[in-house]
Amino acid sequence: MRHRRRTGNEIKAALRDLRIQLALLNHQVGGSLALKDVDLDCLDVLARTGPLTPSALSRQAGLHPATLTGILDRLERAGWIARDRTGADRRSVTIRVLPDRGMEVFRLYQPMMGAMDDVLTDYTDAELDLIATFLRRSAEACQRVLGRAVQE
């Protein structure tokens with residue numbers, strides 16, 4: 001029992017350390033591109049999901065719609081995103097990352113992706129499956145906590 005608790009605490013501490021390192025990396029990348037961390041978050045959501053409506057992006061990024069409007073204005077002015085009108089309803093908008101600009105972000109994260117590839121080579125397929133499951137379940141636990149926090 002004591003070993004399990006100690007190991008659990010080590011895992012939680014390692015996750016906090018990783019969060020700090022990733023925040024520093026994001027800050028460095030954002031500084032290189034003149035983007036705020038929240039801008040990078042929105043671009044990441046759009047890059048992973050594809051085009052979204054502002055309300056869907058707001059939910060996925062965990063941002064208030066009014067806050068998102070300012071972020072989208074800034075990203076559009078800087079040439080990172082396009083707002084496409086959809087269908088006959090001119091009020092309906094879909095947001096997408098402009099492909100050339102998305103590659104700029106990818107290029108700056110590439111050294112970290114390569115370093116992670118090096119780390120992953122030390123693990124078996126079964127271990128990688130376990131790690132992927134752990135990280136997915138950890139993200140889901142955070143989403144549940146955030147969902148409760150919003151409702152309370």
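Just so we're clear, the structure is a prediction, and the values are computed from it rather than from any experiment.
- In this structure a side-chain-to-backbone donor-acceptor pair under 3.5 Å is missing from Ser58 to Pro54.
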Chi angles and distances behind the side-chain contact (heavy atoms from CB on, under 4.5 Å) call for Gln110, Arg107
CA-CA 5 Å; Gln110 189 54 46; Arg107 182 181 51 79; 5.6 Å; no
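- For the pair Glu104 and Leu98, the minimum side-chain heavy-atom distance is 4.5 Å or more.
- Under the 4.5 Å side-chain criterion, counting only non-hydrogen atoms from C-beta, Leu57 is not in contact with Leu63.
- Between the side chain of Arg101 and the backbone N or O of Ala78 there is at least one donor-acceptor pair closer than 3.5 Å.
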Set out, in order, the CA-CA distance, both residues' side-chain angles and the distance that settles side-chain contact (heavy atoms from CB on, under 4.5 Å) for Val105 and Val97, then state yes or no.
CA-CA 11 Å; Val105 176; Val97 177; over 6 Å; no
Does Leu25 form a side-chain contact (heavy atoms from CB on, under 4.5 Å) with Gln21? I'd like the steps, not just the answer.
CA-CA 6 Å; Leu25 176 63; Gln21 294 306 310; over 6 Å; no
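- By the 6.0 Å contact criterion, CG on Asp125 is open, its count of non-hydrogen atoms from other residues, nucleotides or ligands being 12 or less.
- The hydrophobic clustering, which links ILVMFWY residues whose side-chain heavy atoms are closer than 4.5 Å, places Leu120 and Ile131 together.
- Linking Ile, Leu, Val, Met, Phe, Trp and Tyr residues whenever their side-chain heavy atoms come within less than 4.5 Å leaves Met112 and Met103 in two separate clusters.
- Hydrophobic clustering (ILVMFWY, side-chain heavy atoms < 4.5 Å, transitive): Met116 and Tyr123 are in distinct clusters.
- The shortest side-chain heavy-atom distance between Asp37 and His27 falls under the 4.5 Å cut-off.
- Two residues are said to be in side-chain contact when any heavy atoms from C-beta on lie closer than 4.5 Å; Trp80 and Leu72 fail this criterion.
- Formation of a donor-acceptor pair under 3.5 Å by the Thr121 side chain with backbone atoms of Asp118 is found in this model.
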Would you check, one step at a time, whether the test salt bridge (charged side-chain N to carboxylate O under 4.0 Å, His left out) holds for Asp44 with Arg48?
CA-CA 6 Å; Asp44 185 44; Arg48 287 185 295 127; 3.2 Å; yes
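- Within the 4.5 Å cutoff, side-chain heavy atoms of Arg6 are placed close to those of His3.
- Contact annotation: the side chain of Arg85 approaches that of Val93 to within less than 4.5 Å [non-hydrogen atoms, C-beta and beyond].
- Between Leu75 and Ile95, the closest side-chain pair of non-hydrogen atoms is not below 4.5 Å.
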